[in-house]
Amino acid sequence: MDHIRAYAALLIILYHSLNNFSYIILYNKPFEFDHWIYSNNPLNTLIIEGHTAVALFMVLSGFIFTYGSIGKKIDYIGFVRNRLLRIYPLFIFLIIVGLSVYPQNFSFSSFLQTVFGFANMPNSLNLGPYSSMFWAISVEFQFYLIFPFLLKTMETDRKKILAIVLLALLFRFSAYFYDANLRDLSYWNMIGRIDQFILGMLAANYYKNLKPKGEKLFKIAFIPSVITMLLTLLVFNKLGGWVSVSSWKIIWPSIEGLMWAFFLISYILIFNHYSSYLSRLVSKLGELSFSMYLIHSIVIQALINKGLFFTFSTSPFKNAILTSLIIVIPITIIISFITYNTIEKPFLKMRGKYLK
């Protein structure tokens with residue numbers, strides 16, 4: 001599962017690097033969503049639509065918590081305490097640094113809104129690249145607050161947990177009649193992400209109860225799951241990509257969640273027992289994934305501000321990817337190694353048991 005964290009973090013870095021660097025090269029101004037990139041190459045669209053890594057993180061979170069907690073009693077206060085110790089130290093640190101860089105953007109109301117887990121809502125703190133990923137952290141923390149109740153619901157009656165997914169779909173559909181932005185509703189909010197978190201929970205429950213025959217089928221299905229993921233993102237890109245506000249975005253979170261849940265089970269079954277040097281290296285990157293997720297935007301924007309990116313190719317796409325691979329990712333990993341060991345890890349050691 002640390003592998004999956006690493007892949008998701010690297011994919012989101014490539015995604016933001018591609019969009020920001022290629023846009024500044026082409027239009028000589030900060031990135032906007034007015035010129036989306038389209039491709040016929042599935043590997044390209046994986047990066048172009050790399051925002052899907054957020055969905056992968058959501059599915060993975062639901063999977064991890066359920067896998068470790070199913071069949072046990074959760075001490076709610078202990079669970080929330082551990083979650084705060086996991087994400088808030090680096091989160092608060094970046095708020096402090098961001099306010100030092102952008103003091104003019106401070107307001108007490110926006111500060112409280114951000115600190116109390118609603119950075120995904122309007123009027124939260126805008127601290128440039130320091131806060132650009134806060135929205136996803138807020139959505140995930142909102143899921144932390146309700147996870148023990150979701151788990152109890154799933155253990156009591158699985159139909160009820162599926163009913164919550166159906167309810168989310170119905171409310172997204174109802175928003176269509178109010179001319180809501182269906183892309184934003186399905187992307188930035190709990191109502192658009194709860195499908196993915198719950199599908200991760202269901203995947204963990206299914207994985208725990210897999211029989212040998214089922215394990216064999218999922219191992220065989222690993223390559224088809226990768227192909228399905230690539231083709232699904234290709235079709236997504238062809239239908240307009242992230243910028244599209246079409247009504248099909250109502251069901252996209254469910255499709256995306258199913259895609260990653262299927263991939264997750266297959267991947268874990270195949271690679272769970274690998275212990276090579278490469279496997280351990282990727283796992284170490286997975287440990288740094290939270291820092292990488294929050295830090296990379298700061299690195300990207302700093303390079304753009306100083307014009308430190310490759311322009312020797314005629315292809316803005318290639319320039320952006322090379323800049324990401326050669327400059328952004330290594331610098332992000334180095335900084336993340338430091339923030340993980342000096343900010344995250346000391347607080348991680350303070351976590352206690354919450355399962356009975």
Side-chain angles (χ1 to χ4, degrees), residues 1-15 17 42-43 46-47 50 52-70 86-87 90 140 196 199-201 203-212 214-230 233 257 259-296 321 324-342 344-345 348-349 351:
M1 289 186 280
D2 278 333
H3 287 190
I4 305 295
R5 285 194 185 101
Y7 301 150
L10 291 171
L11 180 56
I12 209 75
I13 294 172
L14 287 168
Y15 162 67
S17 294
L43 293 176
L46 173 62
I47 300 174
T52 190
V54 177
L56 178 54
F57 272 123
M58 295 296 171
V59 172
L60 185 62
S61 288
F63 187 99
I64 289 172
F65 290 128
T66 302
Y67 183 81
S69 304
I70 197 165
R86 176 68 189 91
I87 67 174
L90 184 57
E140 185 140 344
Q196 296 160 358
L199 285 167
M201 292 178 63
N205 183 66
Y206 182 76
Y207 174 79
K208 270 215 160 187
N209 295 290
L210 261 180
K211 301 293 188 293
E215 290 185 7
K216 185 178 179 181
L217 286 173
F218 265 95
K219 287 179 181 179
I220 294 171
F222 173 66
I223 297 300
S225 76
V226 173
I227 294 171
T228 300
M229 176 265 293
L230 292 172
L233 291 172
M259 174 184 82
W260 285 122
F262 196 84
F263 168 83
L264 185 60
I265 294 174
S266 299
Y267 186 93
I268 292 172
L269 283 169
I270 290 178
F271 293 99
N272 196 37
H273 303 292
Y274 276 59
S275 59
S276 65
Y277 175 78
L278 180 60
S279 176
R280 292 193 296 273
L281 179 62
V282 176
S283 293
K284 286 295 181 183
L285 284 180
E287 287 183 0
L288 306 180
S289 61
F290 184 65
S291 278
M292 291 169 65
Y293 192 69
L294 290 180
I295 296 295
H296 76 275
I321 296 301
S324 182
L325 293 174
I326 297 173
I327 304 178
V328 177
I329 290 176
I331 292 176
T332 299
I333 290 173
I334 292 169
I335 297 174
S336 297
F337 179 81
I338 298 170
T339 55
Y340 174 76
N341 282 284
T342 59
E344 291 185 66
K345 199 170 182 179
L348 291 176
K349 291 179 178 179
R351 292 180 299 178

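Given the structure is predicted, the values throughout are model-derived calculations rather than measurements. Computed from heavy atoms alone, side chains included, the values below leave out hydrogens, waters and symmetry copies.
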* Any donor-acceptor N/O pair, S324 side chain to I321 backbone, under 3.5 Å -> no

* Can you tell me if N272 uses its side chain to pair, donor with acceptor, with the backbone of I268 under 3.5 Å? -> no

Residues in ring pair (Phe, Tyr, Trp, His ring centres under 6.0 Å) with [X], at least two apart?
X    : result
F271 : F222, Y267, Y274
F65  : F79, Y144, F147
F218 : Y206, F262

* To do: Using the six-membered ring wherever Trp is involved, compare the ring planes of W260 and F263 and label them parallel, tilted or perpendicular (cut-offs 30° and 60°).
  => perpendicular

* **Sequence-distant partners of N209, side-chain contact (heavy atoms from CB on, under 4.5 Å), two or more places apart** => N205

* To do: Could you pull out all residues at least two apart from E140 that satisfy salt bridge (Lys or Arg N to Asp or Glu O under 4.0 Å)?
  => none

Pairwise side-chain contact, [X] with [Y], heavy-atom cut-off 4.5 Å (strictly under):
X   : Y    : result
L46 : M229 : yes
L11 : L56  : no
L14 : L325 : yes

* **Intermediate values then yes/no, side chain to side chain contact (heavy atoms under 4.5 Å, CB included), F290 and T339** => CA-CA 10 Å; F290 184 65; T339 55; over 6 Å; no

* Step-by-step side chain to side chain contact (heavy atoms under 4.5 Å, CB included) determination, V59 to I4 -> CA-CA 11 Å; V59 172; I4 305 295; over 6 Å; no

* Under the side-chain hydrogen bond (donor to acceptor under 3.5 Å, both in side chains) test, which residues partner S279, sequence neighbours left out? -> H3

* Structure fact -> Value for OH (Y293) from CG (L10), rounded to nearest 0.5 Å, stands at 13.5 Å

* Decide if atom NZ of K208 counts as having more than 12 heavy atoms of other residues, nucleotides or ligands within a radius under 6.0 Å. => yes

